[in-house]
2 protein chains.
Amino acid sequence: MDLIHTDPRPGAFASRRGDAAAKREAVLKTAAQLFLEKSYGRTSLNDVADRLSVTKPALYRYFRNKEEILLECYRVGVGLIGSALDDIAPRCGTGLERVEAFILAYANAMTVNFGRCVMRLDEGDLSEDARGEVRAYKRKLDRRLRSFIQQGIEEGSIARCDPKIAAFAIAGALNWICMWYRPDGALSPQEIASQFAGVLTRGLAAGESRRVVRKSTNSDSGKVDGRRFVKKDTNNRHRNHSLLYQEPHE
Amino acid sequence: MDLIHTDPRPGAFASRRGDAAAKREAVLKTAAQLFLEKSYGRTSLNDVADRLSVTKPALYRYFRNKEEILLECYRVGVGLIGSALDDIAPRCGTGLERVEAFILAYANAMTVNFGRCVMRLDEGDLSEDARGEVRAYKRKLDRRLRSFIQQGIEEGSIARCDPKIAAFAIAGALNWICMWYRPDGALSPQEIASQFAGVLTRGLAAGESRRVVRKSTNSDSGKVDGRRFVKKDTNNRHRNHSLLYQEPHE
DNA sequence: CCGGTATGTTACCCGTGGGTAACATAGCAG
DNA sequence: CTGCTATGTTACCCACGGGTAACATACCGG
């Protein structure tokens, strides 16, 4: 049973003497949902408690304070992204292939609630120490991507460019996913991931002869990091005519 | 004299009977600065007043309430971006060229405080009506970009792809600029813009023969939309070894 | 020099939300 | 059944920040 990708169980607080870990998890998940819906600042602990049909002080049995909930969201999300990326370095050969794998894995993580939290919530709401922890992690992510690019340039699979700026561009495109992605939207995570990989590695420009943008019929579709993907709207795609920034949730 | 790109004049509130418009402008600019430094939610009107060496109620002579300040930031930023983009459609030919021009102009706008406000501040802090206004504008931006891509695909200058997702990728990369760009950082706006244009249109992959990434020695450097760019750090670039998400301001 | 007015300030109200102490009870052990 | 303890609830405190009313004064015209 997956503890990260599923929604919070509504009856977690049904019985009084119940699994404490399960309750803590339910608190965390509903908090993450609300943080994504309304932002951390506009979410009160009463909101979280209400959605769980409890009262605010009950939450303090599972978390020391509001910030600890936020930090835990970051930690879970960071773990999620980390484990998604961990196995790409050994599996791939060229720098370009590694970047492509990075894009696929990262885009996917950006469609999971906790993953979205990592890039969408505001570090400014964390204490000094916690912020340092999160930043250190993000730095590691960036270094990884940049080293892939660097490697690709050296070996010739990637065009000469400033690896730092290129990494900013790719990471930006990926990070922004968490701003517009909706779980119930028309675009499936793997569709997004494969299209992003195409645009970012091969660019928009029509190469002389090469490339027909590969339709998402790759063999690795169907399941990624334990979550099942649904092929939604295969015939009538792109119904959701939104944009740079989409209507907010709820 | 440019009213948008300059910093707020410190002595704006020096004399009591002074230019009211100038004071209003000073309030707006310092507010925008603080919103970018600490976020809207963590910026109190006392903070704004303190930086201007006045007291909170004085601000209410120039704005009805806090939200009106925020909305005005959006409006100025939106105007900024809009006018930067307005003259690219006529000037360029192919869809690909238009997209490239879009990237250059937009990236540039994302390095101006008010431009950054548009994508970085949280629409959730606006009232229903104001949010609608801002969203309508962002929708227009997105439609413009998407139509350029569409045009490029039809005429063959852009590779076949999903224009919607491609637009998301490009807009995401560009929007994210406002999250890491620092006016006093090592990267100059036009350097960022031209590198972004390269990566996004031609992609990372090394084409068989083509391309050496054009260094930013283009003729249009030096001045863009009225602001003078300084060539910083030309010899020792890329000193700032940050990442996916950079240290916050201040 | 003298009012009058635009501009700012001091002092305050009040809603909101994080956090806590004291109390209530569900559910198990014996 | 009896009481003990983990779990929740009620009732509260307090800081903070948006917003306002009433007062003070700098500057201008006359």
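Just so we're on the same page: letters track the sequence lines, and every chain starts at 1.
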### Message
At less than 4.0 Å, is any side-chain N or O atom of Y40(A) found next to OP1 or OP2 of dG18(C)? Yes or no.
### Response
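For Y40(A), the contact criterion (side-chain N or O under 4.0 Å from OP1 or OP2 of dG18(C)) is not met.
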
For atom [atom1] of [X] and atom [atom2] of [N], their distance in whole Å:
X	N	atom1	atom2	answer
D50(A)	dG18(C)	CG	P	12 Å
R42(B)	dG17(D)	CZ	P	12 Å
E68(A)	dG19(C)	CD	P	11 Å
K38(A)	dG17(C)	NZ	C1'	12 Å
F13(A)	dT9(D)	CZ	C1'	14 Å
N46(B)	dG18(D)	CG	P	7 Å
D19(A)	dA6(D)	CG	C1'	14 Å
L70(B)	dG18(D)	CG	C1'	14 Å

### Residues that R42(A) engages under salt bridge (Lys or Arg N to Asp or Glu O under 4.0 Å), provided they are two or more places apart
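Checked R42(A) against salt bridge (Lys or Arg N to Asp or Glu O under 4.0 Å); matches are D122(B), D125(B).
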
### Query
Taking only residues two or more places apart in sequence, or in another chain, which ones meet E133(B) in a salt bridge (Lys or Arg N to Asp or Glu O under 4.0 Å)?
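Partners of E133(B) under the salt bridge (Lys or Arg N to Asp or Glu O under 4.0 Å) test: R75(B).
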
### Message
For a quick check, with a 4.0 angstrom heavy-atom cut-off, what is the B/S/- contact string for nucleotides 19-30 of chain D, read 5' to 3'?
### Response
BB---BBBB---

### Message
Under 4.0 Å between a side-chain nitrogen and a carboxylate oxygen: does that hold for R9(B) and E25(B)?
### Response
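No salt bridge links R9(B) with E25(B).
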
### Query
Is the shortest side-chain N to carboxylate O distance from D86(B) to R144(B) below 4.0 Å?
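Salt bridge present between D86(B) and R144(B).
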
Which residues pass the side chain to side chain contact (heavy atoms under 4.5 Å, CB included) test with [X], not counting sequence neighbours?
X	answer
D7(B)	Q33(B)
S44(B)	N46(B), D47(B)
A130(A)	E67(A), L71(A), L126(A), S127(A)

### Residue T55(A), side-chain heavy atoms: nucleotide from dT10(D), dT9(C), dG18(D) that is nearest
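In terms of side-chain proximity for T55(A), the closest of dT10(D), dT9(C), dG18(D) is dT10(D).
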
#### Entry: Residue pairs passing the ring pair (Phe, Tyr, Trp, His ring centres under 6.0 Å) test where at least one lies in residues 115-148 of chain B, sequence neighbours excluded
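Those involving residues 115-148 of chain B do not exist here.
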
### Task
Mind grabbing the angle between the end helix axes of the helix from dC1(C)-dG30(D) to dG30(C)-dC1(D)? Five pairs an end, 10° rounding.
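End-to-end axis angle for the helix from dC1(C)-dG30(D) to dG30(C)-dC1(D): 0°, rounded to 10°.
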
### Query
Tell me, which pairs form a side chain to side chain donor-acceptor pair (under 3.5 Å) where one or both residues lie in residues 54-65 of chain B, sequence neighbours left out?
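Sorted pair list: R64(B)-E68(B).
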
### Task
Give one of base, sugar-phosphate or nothing for F63(B), where a contact means two heavy atoms less than 4.0 Å apart.
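It contacts nothing in the nucleic acid.
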
